[in-house]
Each structure stands twice: as C-alpha cells, then as structure tokens.
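Values in this document were obtained by computation on a predicted structure and should not be read as measured data.
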Number of protein chains: 2
Amino acid sequence: MDNLDRQIIEQLRLNARAGYGDIGAVVGLSASAVKRRVDRLVETGVIRAFTIEVDPAVDGLVVEAYVELFCRGTVAPDELRRLLSTVPEVVDAGTVTGSADAVVHLRARDIPGLEDALERVRVAPNVDHTRSAIVLSRLIKRDPR
Amino acid sequence: MDNLDRQIIEQLRLNARAGYGDIGAVVGLSASAVKRRVDRLVETGVIRAFTIEVDPAVDGLVVEAYVELFCRGTVAPDELRRLLSTVPEVVDAGTVTGSADAVVHLRARDIPGLEDALERVRVAPNVDHTRSAIVLSRLIKRDPR
DNA sequence: CCTGAAAACCGGTAAGC
DNA sequence: GCTTACCGGTTTTCAGG
C-alpha cells in the first residue's frame, strides 16, 4: 500500500471501468504494472468490489429511518450482525455508546416496507424496544468514502 | 427502464467491470445491445457512477458516530444541507420525525477528528444541543442501494 | 430495438531489463 | 518490480432486419 496504490484507488473510485492504460497514464505506470497492483489490491481485500452507484429512486427505495435498538442484558455483536445481514433493508448498522445498544439505518420501498423491515429487525435476541426516526428529507448522501 | 435494464443493473452491481458480452449472456442480449442500454442508463442518470468499494480502514476513517440534532424553533432543511455539505466527515444526514430534528452520520479519522467535525456541525443555526452515539463496532455496511 | 460482422482497442501473459 | 511486445478476446461501430 504505497502512494501509487492510493492514486490507483482514487482513479478507480472515479471510474471503475477505466482502462489499465488510462490509469497508468495518470499515475505514471504501464498498463501491466497497474493491472498487477489492482489484482493485488483485490487479493488483499483493500478493494472489496467493483460496483455502480444507482439512483436510489430507481429502486423505489425512498423511505429511510434511523432506528435505535435497546436490548436486555448483553448484546453479542456477531449475533446481531448475523441477524441484520438477513434484512436487505439495512443500509448500515453498528453497536454504539450511549443508552442505545445499536443504531440501524434502514431504507425501504414505502412505509409498510419499512414497518415490515423493522419487524424483522425486532426479532433480534434480547431486543427490548426500538426508537425510530423516519427521514423526512435527505440532506446529505456521500459515497462510503 | 424495463426488466432487462434492471437485470443489467443487477449484474453491474455485482461486478462493474463485467464484459458486455458476459452480461448479455446472463440477460439474453447481444453485447452491442447491452452496451447501448448501459450507455443510455448512464446518459439518463440512472447509473450515477462506476466505482469501487474500498476497505474504510484504508482511508483511516474508522471512527463513526450517529448524531441527533436538536434545534430551537424551525429548521430550514436547505440551510442545514448547505452547512452540512461543508463538513466532509458527514457521510449522510436527513431531517427526521421524532424529538430530534435531524440525524447526522459522521465518519472521521480518529476521536479528535470526530470531535472537530461535531464542533463544525454544531455551528448550524438554531442548534440547541446534540446527542451522539459513537459506533463501537460496525455491523453492516452495504452499497447505497 | 435488435443482431451480426468487421475493425479498433484493450486486457493478460511472458520475456527481458 | 517495471517495461515492452505480442496474442486473444472484447469493445465499438455500422449495415441490415
């Protein structure tokens, strides 16, 4: 992971379909050198995936909510992760400091879809109650930099 | 935007570097047909970008927090958006239902960086107080579907 | 709007520095 | 570890249905 790798990552972030030669022209490397570095970055897990960013409205996933999870007793992060990964509406989630045990960011097609997803989140072991904040208007949405 | 387009988007989501021929083989179209559809999807803004998903630890952005904003009086979403867009640590944010006025998702290099970002968020007009939940362990992290 | 073919172009490998 | 060179495959364009 040197500076060259970081430049390559930056280029791929801007355009994941950029040719190796094009990237090389920017960072000052030959196409094959770039390829080997990209392969290594994928191999080592630095680059997790080549994807596209799609207009969320296309999916019809427009209703969002931030949900706090309050659990009884101890929470096993691994178990929580396993459960949450079965709910596709979960955009991101993490255990947190404060009175809540975890925060879950949901995105669903509509309000019933959100309610349904929340229902599935609630079956997590030891969930005492939840506290939801439905998003009225999205203010910021950046790439997961 | 028909079903074919949706299938193509699904394939590109799985691998943004997939060949047009390969995609065509899956969805039942020739390479050139796939290319024209992809071009059109980019043209019309359905596909916003071809990107890579990078291990966040690489950026050194490992400290995250969900922050609730409580404001005095009315909140102007546009003004809030303008302010939050000046804070690069803001990953996503939205005005919400419930006792809080907005939820802001922050990601910073370290705790001091998080504190600094929070400081900059707090200068938003009419902010009365904030309530932060620092992420202890990230459970889920999906593409911005 | 699709297919199929032809030309240009790029990715992947191998040899050499 | 990088570069140049080469071959095979893919992209891209275009004529035709």
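A:Arg120 and A:Thr86 share no side-chain donor-acceptor pair at under 3.5 Å.
Using a 4.0 Å cut-off between a side-chain N of Lys or Arg and a carboxylate O of Asp or Glu, A:Glu89 and A:Arg107 do not qualify as a salt bridge.
With hydrogens and angles ignored, no donor-acceptor pair under 3.5 angstrom links the side chain of A:Ser32 to the base of C:dG11.
Side-chain N or O atoms of B:Asp92 include none that pairs as donor or acceptor with a backbone N or O of A:Ile140 at under 3.5 Å. Remark: side-chain polar atoms of A:Arg109 are not paired, donor with acceptor, to backbone N or O of A:Val62 under 3.5 angstrom. At distances below 3.5 Å, at least one donor-acceptor pair connects side-chain atoms of A:Thr97 with backbone N or O atoms of B:Ile134.
Both A:Asp22 and B:Leu29 sit near DNA chain C, but only B:Leu29 has its closest nucleotide nearer the 5' end.
The side chain of B:Arg36 places no N or O atom within less than 4.0 Å of a non-bridging phosphate oxygen (OP1 or OP2) of C:dC1.
A cation-pi arrangement is present between A:Arg17 and B:Tyr20, with the terminal nitrogen or guanidinium carbon under 6.0 Å from the aromatic centre and inside a 45° cone about the axis.
Think of the region where chain B sits on DNA chain D: with heavy atoms and a 4.0 Å cut, that region ends 5' and 3' at D:dT11 to D:dT13.
Atom pair B:Arg17:CZ and C:dC10:C1' shows a separation of 10 Å (rounding to whole Å applied). Following rounding to the nearest Å, B:Asp5 (CG) and C:dC1 (P) show an atom-to-atom distance of 10 Å.
Here the nucleotide nearest the side chain of B:Arg37, chosen from C:dT13, C:dT3, C:dC1, is C:dC1.
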